[in-house]
Amino acid sequence: MEKYDHKKIEQKWQKHWQKEKLYQTGEDKTKPKFYILDMFPYPSGAGLHVGHPKGYIATDIFARAKMMQGYNVLHPMGWDAFGLPAENYAIQNKIHPRIATEKNIDTFKKQLGKLGFTYDWNREINTTDPEFYKWTQWTFIKMFERGLAYESNEPVNWCPSCKTVLSNEDLEDGKCERCGSVIERKPMRQWVLKITDYAERMLNDLEKLPDWEESIKEMQKNWIGKSEGAEVNFKIGEEIATVFTTRPDTLFGATFFVMAPEHPLIKKITTAEQKKEVEKYIKAAAGKSDMERTELAKEKTGVFTGSYAINPVNREKIPVYIADYVMMGYGTGAIMAVPAHDERDWEFAKKYNIPIKEVIVPFLKDDPRPDKETEKREVVTAIVKNLKNNRYLCLKWKNIDWKSFPTGGLDGEDLVTAAKREVKEETGYKNLKFIKQVGGSIFAEFYRPHKDSNVYASFKYLLFELENEGREEVAQKEKDQHEVVWVEEEKIESFINVWNQKLAWQRLKQGDSAYCGDGLSVNSDFLNGLETEAAKEKMTAWLENKKLGKRAINYKIKDWVFSRQRYWGEPIPIVHCPKCGNVAVPCDELPLKLPEVKNYEPTGTGESPLANIEKWVNTKCPKCGGSAKRETNTMPQWAGSSWYYLRYIDPYNDKALVDKAKDKYWSPVDFYVGGAEHATRHLIYARFWHKFLFDIGAVNYDEPFTRLQHVGLILAEDGRKMSKRWHNVINPDEIVEKFGADSMRVYEMFMGPFSQPCAWSTNGLIGARRFLEKVFNLQLRITNYELRITNDKLERLLHKTIKRVSEDIEYFKFNTAISALMIMANKLGEQEKISIIHYSLFIILLSPFAPHLAEELWSGIGHKESIFKEKWPEFNPDLVKDETINLVVQINGKVRDMIEVSADISENEAKKIALESEKINKWLESKEVIKIIFVKGKLINIVIK
RNA sequence: GCCCGGGUGGCGAAACUGGUAUACGCACAACACUUAAAAUGUUGCGCCUUAUGGGCAUGCGGGUUCGAUUCCCGCCCCGGGCACCA
């Protein structure tokens, strides 16, 4: 018997599959289609490490199973080949990025080839191919024609090291995502795509994507960052400054006004005395990067402009400050500051001694009963501290689940008197020293069981210290209701279970701060007594009615800065024509090819290297024929990847980006698999781009990806990321050489849940290899003589395995699928003779995971056709159920015995058998059986006393 | 700070809808085969224990339930995302 020679087997079948064109995508439109897609890689110089193919292995398994289930499967691969690393490499080594990229692609393709993937290489695409980027440019022009691509001079993120502008999505912690340099803010002319026009649709349509992971949808929601609120106009002298707020209900609490240092109105409103100060502050703020502005956030700074704004709602004059905690980039770049209800405003007000006006009080409506009377009360709570032992005076109620501080209503007295009286009545203590009031009021409306009525109460909280333990006798009536307890300071938080008192306690411990939650409006004229939602609504309507403001929505997402000052990208297909009035004119011939250039070095002046090629820059205007200059910026790397998946459907079409009929059949992508790091970059851009193509009628569907799954990273054996820096990279070529592609495939899928990060373990890999060897050796025991050996248990296990493996592949639970295959293989291994039918079915189930081995074993039992032309097996529902079960007998929930019985045993029979058990009877001696619970097919639980 | 995930043996991890916790694999140990080692095979493997049994264990504390890894409340720790977003 031969040994399992993975090298021989894998090379043999890879050649064979290629010769047979086994993976060429079928075009038989009568079959259902399945489009399964990997995020295409950037072909870096370093080649693949073992982590990269994890997602590809998964899609390959899925694709093979779908093929066998009768689908036309589209499973393509291509290259996201524009980008900075190739260009930087070119600068250092004087090699054209195209040459370097081609070489890298070659390496990648070889590495992928060794893993035996089903990619249809006839459909390979490459974003740097002019026949491909022609359509990237075409889409850009369509956007330009519709006003969605525009030039802007706003300050943008400039990376001083990469010498290019970056979009917000390219930043990490205010640093360049690629090189880690701190970003500068520079105003520069840029091409920008108006992605904000699609913000609302991208947000709403997330609901159309039930098969996207929640976490990724959540990230997109946060990134789009929708806030609803109002814009309010404040008069500052003759000028009008508009603010955006999500809390129009707090307008009466605005006690100052803040503008971002970049706000255009500052010059006009600053008074002569304050001019110097203001200019100094603005200059200092401009010198800080966004990064520094947030890093230094601990301490608020600002400067008074000398002017006052008029609060439109009450005509109050409030001072106007400039402070860098307000950002020009969000909302209107100006805010109304409500220190009582916003933490940042609170800090600022504390520092600059600005009044704080409370207009919202916490309010809890706790199921008041509509059929009972409601009593309005002013209530005071006494928090009494015993300095001797650091304990606080509390009440434990007897008939209700209340643990509280002494509390009671005001009886026409002042707060302190009422509180002292209440403490004396309820607890007997009579000598208290008043310390201070804790926080503001809290309101609540709730049902009081002990008085059978509702209260609508305003609570105030007073802190006392116990002077001495002098105490009076407490009335019996009070004693019946509650018990007096002294609780240690650390335990108060968990002891007190009355909502408002808990909040008051927190306020006492943490000191005063802004209350940012919802509540009841107070000190707010026509809003008084309204709850937050209603108050917002009423205020907004009032503002609109008086033309002092309007309903408004704000998004965090910014328009997409779409130009880069680098060489290795798609040229933006625009010429600037002086004769046509210095406007941008789109090129009439596409593709506009990237010209050859001697020097790839960025100029650093904000111009791309293309600007140095006069012959290319100087051109004719496509509109008027006069001399004009080409746009020299190029597109970002995200451009091509925003739509590449469409091109696989129709890769050779020179008339359209994609043929609409073909798009109708193949789109949308049924299943998209890739790294979670793309949740807010690529996946936002692609959805935007796709919706645009849908709007202009270029494609049939308005969402590109039906189901989305993210891959968990494979870490190095030491638990760190694989990186050249740590010298812990494992090359798949070596693994394939030593252990085989099939072992690597099985191991990577068996490591753990697919979306979870997991550290590589060579021992684990050896385990996978051992499993395949075991499978390989099974062929020794196949019997050809009896087609089916009667073995009911094995038959049932096989059908369970079919069910398990089929379902697990569908849900990407490969680790448990493989575990099921291992159990099956172990059981087959125990047989002296293995039925060829059982064996064949098992090999088919294994084939998506270990395709080379499966194909070899398949041909080994005499098949001429590929195993991947077999039909995927179906399980028999009758056979996945067990005939007998181990009936678990519990006593008070603890397992005490197990009895093998028929699976459909009735309750009465089960009881009888259980009660006859010797083990059980030992437990039942002199005990009373209270009840017996029976769960069909599972267990019986005897409850005793 | 806010929003998502997650915490189960020595390790990677299983567990359907609240019903036998620790499947499968790794590591480890003993035994068999061998001159020997490797490979392979067999067996054992959560912790404690006074041991034909019993007790305790799914981050910690409480609750609901006949029964909780699973549901509810509070806390701790780890990972990810966002972050002066008004």
Side-chain angles (χ1 to χ4, degrees), chain A residues 3 173-174 213-223 225-227 229 243-247 250 258 260 290 293-298 300 323-327 329-338 341-345 347-348 493-494 497 516 554-557 676-677 679-680 710 712 746-747 750-753 755-768 770-771 773-774 777 807 813 815-823 825-826 829 885-898 919 922 930-944:
Chain A
K3 275 178 76 182
D173 283 335
E213 280 169 83
E214 252 347 281
S215 60
I216 290 183
K217 285 199 271 187
E218 203 55 43
M219 279 190 229
Q220 291 218 345
K221 268 183 210 163
N222 289 338
W223 192 264
K226 179 180 181 175
S227 334
V243 303
F244 173 72
T245 176
T246 54
R247 292 297 297 267
T250 62
V258 189
D290 264 16
R293 253 163 94 161
T294 29
E295 290 277 277
L296 300 170
K298 295 152 214 145
K300 298 267 175 298
D324 64 6
Y325 81 89
V326 174
M327 303 285 160
Y330 183 78
T332 59
I335 61 158
M336 62 177 214
V338 185
H341 306 294
D342 181 286
E343 264 164 55
R344 295 148 301 168
D345 298 346
E347 273 176 56
F348 194 87
E493 175 104 31
S494 52
N497 66 359
C516 305
N554 236 291
Y555 299 94
K556 271 198 275 182
I557 193 171
E677 69 273 20
T680 51
H710 86 264
V746 168
Y747 171 58
F750 186 61
M751 287 175 92
S755 58
Q756 193 179 288
C758 191
W760 180 267
S761 145
T762 303
N763 274 329
L765 174 70
I766 292 169
R770 268 206 286 258
F771 163 62
E773 277 170 13
K774 231 183 253 176
N777 292 331
E807 286 173 2
K813 288 163 68 179
N815 54 336
T816 49
I818 291 168
S819 136
L821 289 169
M822 284 173 168
I823 293 170
N826 289 344
I885 54 153
N886 273 324
L887 181 76
V888 171
V889 187
Q890 296 182 330
I891 294 196
N892 286 349
K894 292 211 162 114
V895 183
R896 296 302 180 193
D897 199 6
M898 274 197 278
K919 282 185 192 168
K922 261 204 277 183
I930 296 170
K931 63 173 160 176
I932 298 178
I933 284 155
F934 174 71
V935 182
K936 200 168 166 53
K938 290 241 164 70
L939 58 76
I940 185 157
N941 185 11
I942 303 167
V943 186
I944 59 171

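Naming: A, B, ... by sequence-line order, numbering from 1 per chain. Quick note: numbers below take in every heavy atom, side chains included, and nothing from hydrogens, waters or symmetry partners.
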| remark: Winner on side-chain proximity to Val943(A), out of A14(B), C24(B), C66(B), is C66(B)
| query | Taking CD1 from Ile942(A) and P from G67(B), how many angstroms apart are they, rounded to a whole number? | reply | 15 Å
| Between C26(B) (P) and Trp760(A) (CH2): distance, integer Å | 15 Å
| Pairs counted as Watson-Crick or G-U wobble with both distances under 3.5 Å: what dot-bracket string results for RNA chain B, using | for bases tied to another strand? | (((((((..(((......[....))).(((((.......))))).((((...))))..(((((..]....))))))))))))....
| Atom CD of Glu218(A) to atom P of C3(B): distance rounded to whole Å? | 10 Å
| request: Verify the contact: side-chain N or O of Gln220(A) to OP1 or OP2 of C82(B), cut-off strictly under 4.0 Å; return yes or no. | output: no
| task | Just do the side-chain contact (heavy atoms from CB on, under 4.5 Å) check on Lys774(A) and Asn826(A) with the steps written out, would you? | result | CA-CA 8 Å; Lys774(A) 231 183 253 176; Asn826(A) 289 344; 3.3 Å; yes
| said: Between Trp223(A) and Lys221(A), is there a side-chain heavy-atom distance shorter than 4.5 Å? | reply: no
| Quiz item: cation-pi between Lys300(A) and Tyr325(A), 6.0 Å / 45° | yes
| field | Candidate nucleotides C84(B), A14(B), G12(B), ranked by approach to the side chain of Asn815(A) - the nearest | value | A14(B)
| task | Between Asn826(A) and Asp345(A), just flag the one whose closest nucleotide in RNA chain B comes earlier from the 5' side. | result | Asn826(A)
| remark: Separation of A86(B) atom C1' from Tyr330(A) atom OH, nearest Å, is 7 Å
| field | Rounded distance in Å between the P positions of A21(B) and C31(B) | value | 34 Å
| said: A86(B), OP1 or OP2 - any side-chain N/O from Ser227(A) closer than 4.0 Å? | reply: yes
| said: If we count only N and O atoms by modelled type, under 3.5 Å, do the side chains of Tyr747(A) and Thr762(A) hold a donor and an acceptor together? | reply: no
| said: With rounding to the closest Å, how many angstrom separate the P atoms on G74(B) and C26(B)? | reply: 43 Å
| said: Tell me whether the count of non-hydrogen atoms from other residues, nucleotides or ligands lying under 6.0 Å of NZ in Lys922(A) goes above 12. | reply: no
| query | Whole Å only: how far is the CG atom of Asn763(A) from the P atom of G25(B)? | reply | 15 Å
| request: In whole angstrom, give the distance that lies between atom NZ of Lys813(A) and atom C1' of A15(B). | output: 10 Å
| Hey, is G9(B) sitting syn or anti, using the within-90° cutoff around 0? | syn
| request: Could you give the distance separating C85(B) and G46(B) at their C1' atoms, to the nearest angstrom? | output: 49 Å
| request: Grab the NE2-P distance between His710(A) and G81(B) for me, whole Å please. | output: 11 Å
| request: Select one nucleotide: of A86(B), G80(B), G12(B), the one nearest the side-chain heavy atoms of Met327(A). | output: A86(B)
| query | Side chains of Lys931(A) and Asn941(A): do they bring a donor and an acceptor to under 3.5 Å? | reply | no
| message | For a quick check of understanding: with a heavy-atom distance under 4.0 Å over all strands, which category does Ser761(A) fall into, base, sugar-phosphate or nothing? | response | nothing
| task | Could you tell me whether Glu214(A) and Lys217(A) have a side-chain N and a carboxylate O separated by less than 4.0 Å? | result | yes
| note | All heavy atoms of Ile944(A) vs all of Asn892(A), minimum pair found to be N-OD1, 3.0 Å
| query | Looking only at atom C1', what distance separates U42(B) and C47(B), rounded to whole Å? | reply | 26 Å
| message | Applying a 4.0 Å non-hydrogen cut-off, can you work out what Gly767(A) is touching in the nucleic acid: base, sugar-phosphate, or nothing? | response | sugar-phosphate
| task | Select one nucleotide: of C26(B), G81(B), A13(B), the one nearest the side-chain heavy atoms of Arg770(A). | result | C26(B)
| field | Inter-nucleotide C1' distance (C28(B), G81(B)), Å rounded | value | 40 Å
| query | Phosphate oxygens OP1/OP2 of G55(B): is one of them under 4.0 Å from a side-chain N or O of Arg896(A)? | reply | yes
| remark: side chain to side chain contact (heavy atoms under 4.5 Å, CB included) with Met898(A): of Val889(A), Leu939(A), Asn886(A), only one passes, and it is Asn886(A)
| remark: From CD of Glu677(A) across to P of G5(B) the rounded distance in Å is 20 Å
| query | Mind checking what makes ring pair (Phe, Tyr, Trp, His ring centres under 6.0 Å) contact with Phe244(A), not counting sequence neighbours? | reply | none
| said: Which is more 5' along RNA chain B, the nucleotide nearest Phe244(A) or the one nearest Cys758(A)? Just name the residue. | reply: Cys758(A)
| Quick one: which of A15(B), A86(B), C84(B) gets closest to the side chain of Tyr325(A)? | C84(B)
| field | Presence of donor-acceptor pair under 3.5 Å, side chain of Lys556(A) and base of C82(B) | value | no
| field | Rounded P spacing from C71(B) to C24(B) in Å | value | 26 Å
| message | With rounding to the closest Å, how many angstrom separate the P atoms on G67(B) and A14(B)? | response | 29 Å
| request: In whole angstrom, give me the gap between the P atoms of G19(B) and A51(B). | output: 36 Å
| query | Yes or no on side-chain contact (heavy atoms from CB on, under 4.5 Å) for Tyr330(A) and Lys556(A), after CA distance, side-chain angles and deciding distance? | reply | CA-CA 7 Å; Tyr330(A) 183 78; Lys556(A) 271 198 275 182; 3.9 Å; yes
Under-3.5 Å N/O pairs linking protein and nucleotides 17-20 of chain B:
{"unit_1": "G19(B)", "atom_1": "N2", "unit_2": "Gln890(A)", "atom_2": "OE1", "d": "3.4"}
{"unit_1": "G19(B)", "atom_1": "N2", "unit_2": "Asn941(A)", "atom_2": "ND2", "d": "3.4"}

| query | Do Ile335(A) and Thr245(A) have side-chain heavy atoms sitting under 4.5 Å apart? | reply | no
| message | Any base atoms under 4.0 Å from Lys894(A), or only sugar-phosphate, or nothing? Heavy atoms, all strands. | response | sugar-phosphate
